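Owing to the predicted nature of the structure, the values given are computational and were not obtained by experimental measurement.
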Amino acid sequence: DTEYAPVLEINPSHPIVKKLAAIEDKGMIEDISFVLLEQARLAEGAPLADTAGFIKRLNRLTEKAL
């Protein structure tokens with residue numbers, strides 16, 4: 001049996017990626033990046049390793065958005 005590591009493909013022309021490139025707040029970039037990765041894992045049906053961290057990141061991003 002050969003196991004393959006999952007691959008996360010990033011579309012550099014996607015509006016989210018373009019907006020991410022313009023953000024100067026490194027903490028926000030990190031939160032968004034982790035949330036995008038975690039969303040991809042959830043969409044794949046994989047469990048999150050750190051559910052509490054995911055919720056904290058979402059809450060920080062939501063607070064900044066409001």
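A pairwise comparison of heavy atoms in Ile23 and Ile32 identifies CD1-CD1, 3.8 Å as the closest pair. Glu38 approaches Asp50 most closely through the heavy-atom pair OE2-O, 4.4 Å.
Within 6.0 Å of CZ on Phe34 lie no more than 12 heavy atoms contributed by other residues, nucleotides or ligands.
To the nearest 0.5 Å, atom CG of residue Leu20 and atom NE2 of residue His14 are 11.5 Å apart.
With Asp31 as the fixed residue, the side chain to side chain donor-acceptor pair (under 3.5 Å) test singles out one of Lys26, Arg60, Lys64: Arg60.
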Worksheet item: Hey, mind stepping through Ile10 and Leu36 against side-chain contact (heavy atoms from CB on, under 4.5 Å) and telling me if it holds?
Response: CA-CA 10 Å; Ile10 297 172; Leu36 290 173; over 6 Å; no
Practice prompt. Take Asn11 and Val17, measure what side-chain contact (heavy atoms from CB on, under 4.5 Å) needs, and give me the verdict at the end.
Written response: CA-CA 7 Å; Asn11 176 354; Val17 176; 5.7 Å; no
Practice prompt. For Asn59 and Glu63, run side-chain contact (heavy atoms from CB on, under 4.5 Å): C-alpha distance rounded to whole Å, both residues' side-chain angles, the deciding distance at 0.1 Å, then the answer.
Written response: CA-CA 6 Å; Asn59 287 341; Glu63 184 179 338; over 6 Å; no
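Met28 and Leu37 sit in two unconnected hydrophobic clusters of ILVMFWY residues. Membership requires side-chain heavy atoms under 4.5 Å apart, directly or through other members.
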